[in-house]
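Here is the structure we will look at.
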There are 2 protein chains.
Amino acid sequence: MFELSKVYDRSRVPLYIQVASVMRRRIETKQWHPGQKIPTLVELEREFQVARVTVRQAVDILREEGLLRSQQGRGTFAAEKPVDRHWFKLATTWDVLIESIKNNVLKRIKVDNPPQFPTLREGEGELADSYVFLRSVQYKDAEPYGIVNLHLAKDIYKRAPDAFRQHPALTVIAERKDVDIQHAHQTVVIGSADPATSDLLQIALGAPTAECRCVLIDRNNVAIYIADIIYRSDAIQLHIDLLAHLRSSSGGRTKAARR
Amino acid sequence: MFELSKVYDRSRVPLYIQVASVMRRRIETKQWHPGQKIPTLVELEREFQVARVTVRQAVDILREEGLLRSQQGRGTFAAEKPVDRHWFKLATTWDVLIESIKNNVLKRIKVDNPPQFPTLREGEGELADSYVFLRSVQYKDAEPYGIVNLHLAKDIYKRAPDAFRQHPALTVIAERKDVDIQHAHQTVVIGSADPATSDLLQIALGAPTAECRCVLIDRNNVAIYIADIIYRSDAIQLHIDLLAHLRSSSGGRTKAARR
DNA sequence: CTCAATTTGTTCGTATGTATG
DNA sequence: ACATACATACGAACAAATTGA
């Protein structure tokens with residue numbers, strides 16, 4: 001079917017891990033339905049063009065992960081309830097963003113060598129005089145799924161240090177009347193976990209991540225809020241209404257709208 | 001510095017590949033500046049807690065990728081110009097989407113066993129009577145970066161079969177006056193390459209991908225266009241203006257706006 | 001010019017992991 | 001389960017090129 005052995009040359013990842021990840025995917029996407037009997041070892045051998053033992057190693061991995069159960073003489077079966085992935089919907093508008101952030105469970109992390117300034121890119125305004133640096137980890141059911149690295153303009157921070165220490169910064173900013181936001185945007189790319197990230201998110205080194213950069217710019221074109229957020233890739237999803245600008249002609253009254 | 005060997009237990013990917021991907025990241029993010037001398041082998045040994053040979057294997061990989069040059073007696077140096085990644089900006093509005101699609105270089109792929117119907121999810125309207133299935137690969141500089149799997153309602157297709165065969169379907173739809181679009185949305189998640197995908201995109205099996213699902217629904221709540229698009233993860237980027245709905249109060253006059 | 005220090009490059013031996021048939 | 005081949009990883013020793021004192 002597929003020339004897996006050639007793919008192997010390209011990737012250098014052990015074959016049985018590659019096979020396991022393809023099978024894991026089939027379970028998670030329900031190409032192999034929950035509870036269903038998956039193809040026999042012989043069929044899998046043929047499909048992936050690998051030896052019997054290699055398929056077995058792959059099956060072993062997925063058994064340990066609880067995604068497969070095998071039974072001698074009967075066959076191998078997909079798990080009844082595969083984990084729900086992509087539960088976290090990345091916000092695409094200010095209002096939704098603020099709303100979604102309210103329920104955040106986060107834990108502040110101490111940083112020993114905080115960077116003094118963020119490095120701004122094109123279209124991200126100008127640097128403020130000074131920043132505070134905050135790092136936190138976001139949790140769902142005691143499982144970490146995101147790391148926030150935030151540069152917050154110090155004069156904003158000083159207006160409510162306690163609030164900023166206790167609540168998500170965006171919530172605090174959204175509730176204050178004395179912060180003027182002219183631009184707010186978010187950039188998303190796919191990256192991979194470095195050692196520090198893999199440690200905090202408890203994922204493999206090099207595992208895919210979603211890297212979100214959220215920047216708020218005030219009316220003086222100063223970047224007052226620069227957040228680099230790293231999510232584990234299987235936690236998140238992004239939904240875009242392509243015709244949104246035609247629909248929300250009235251638009252929600254937001255503080256961000258004030259000039 | 002980092003307990004790489006423990007991370008290794010979790011991931012099972014060969015150590016030298018893990019080391020290589022951490023280093024690759026440092027180059028691409030310019031933590032190691034272009035042209036700069038990177039730490040010596042001895043220092044890297046110490047930082048990653050691995051043997052000399054393992055660091056060398058990692059360096060070899062990056063040398064082959066053109067990201068590092070080493071010179072005996074002098075040191076190892078980061079490449080002058082690391083490749084630009086994330087060049088393809090995923091559209092977040094209809095107008096931008098249509099605009100960006102115009103320059104597409106794509107090649108149709110024959111499909112032997114086309115699925116009769118797409119599987120619709122919640123909020124994706126209802127099935128049309130019948131569909132045609134089209135598959136194509138998108139290229140930049142002769143390098144593939146995206147695969148499109150499209151279900152197009154047959155009655156739409158029949159209105160201009162030649163156009164649909166030769167041009168991107170969205171362009172054709174956007175230019176026709178006789179297609180009413182009520183909803184258009186796009187969902188993005190991070191996935192990983194299965195054998196067929198890794199083959200077409202020439203990436204490793206299991207390498208991260210961006211999976212975009214773009215759905216158009218007409219005024220009868222029928223899903224007339226369902227595209228599953230798979231991009232290689234390092235090609236794409238997503239930029240969201242969180243305050244867009246407040247700005248474009250007037251909005252572009254689009255055909256999609258007609259009712 | 002020579003010498004020593006630095007740094008990359010190569011090789012050996014050994015142990016374990018991966019993959020086939 | 002076995003025999004075989006090759007890949008991965010370690011540690012250590014040595015060779016070769018570069019630099020600067």
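All values below come from the heavy atoms of this structure, side chains included, with hydrogens, waters and symmetry mates left out. Letters A, B, ... mirror the listed sequences (proteins, then strands); counts begin at 1.
The pairing partner recorded for D:dA1 is none, the criterion being a Watson-Crick or G-U wobble arrangement whose two distances lie under 3.5 angstrom.
Put simply, CD1 on A:Ile17 is 13 Å from P on C:dG17, counting in whole angstrom units. In this structure, B:Ile38 atom CD1 and C:dT8 atom C1' are separated by 11 Å, rounded to whole Å. Atom-to-atom, CZ of A:Phe48 to P of C:dA19 comes out at 14 Å; the value is rounded to the nearest Å. Counting to the nearest Å, the C1' atom of D:dA9 and the CD atom of B:Gln49 are 14 Å from each other. Rounded to whole Å, the distance from CG on B:Leu15 to P on C:dT18 is 12 Å. At whole-Å resolution of the value, CG in B:Leu41 and C1' in D:dA16 are 14 Å apart.
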I'd like a list of close polar pairs between nucleotides 19-21 of chain D and the protein, N/O only, cut-off under 3.5 Å.
none

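What you find for B:Val148 and B:Ala227 is that their closest heavy atoms are CG1-CB, 4.5 Å. Nearest heavy-atom pair, A:Leu127 versus A:Pro118, reported as atom, atom and distance to 0.1 Å: CD2-O, 3.7 Å. Scanning all heavy atoms of the two residues, the minimum distance from A:Ala78 to A:Trp32 falls at CB-O, 4.2 Å. Of all the heavy atoms in B:Ala223 and B:Tyr131, the pair that sits closest is O-OH, 2.6 Å.
Contacts with DNA chain C (heavy atom under 4.0 Å) in residues 51-72 of chain A: A:Ala51, A:Val53, A:Thr54, listed by number.
Looking at the side chain of B:Thr40, the nearest of the listed nucleotides D:dT8, C:dT7, C:dT18 is C:dT7. Minimum atom distance to the side chain of B:Tyr16 is reached by D:dT8, of the listed C:dT7, D:dT8, C:dT20.
Note that CZ of B:Arg165 is 9.5 Å distant from CZ of B:Arg108, once rounded to the nearest 0.5 Å.
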What pairs of donor and acceptor atoms, side-chain ones from residues 60-73 of chain B against any protein atom, are under 3.5 angstrom apart with sequence neighbours left out?
unit_1: B:Asp60; atom_1: OD1; unit_2: B:Arg63; atom_2: NH2; d: 2.4
unit_1: B:Arg63; atom_1: NH1; unit_2: B:Ser70; atom_2: OG; d: 2.3
unit_1: B:Glu65; atom_1: OE1; unit_2: B:Arg24; atom_2: NE; d: 2.9
unit_1: B:Glu65; atom_1: OE2; unit_2: B:Arg24; atom_2: NH2; d: 2.9
unit_1: B:Gln71; atom_1: OE1; unit_2: B:Arg74; atom_2: NE; d: 3.3
unit_1: B:Gln71; atom_1: OE1; unit_2: B:Arg74; atom_2: NH2; d: 3.4

Take B:Arg85 and A:Glu211 through the salt bridge (charged side-chain N to carboxylate O under 4.0 Å, His left out) test and state the conclusion after the steps. CA-CA 14 Å; B:Arg85 291 153 39 101; A:Glu211 301 179 0; over 6 Å; no

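For the pair A:Val215/A:Arg121, no side-chain contact is recorded, criterion being any heavy-atom separation below 4.5 Å from C-beta on.
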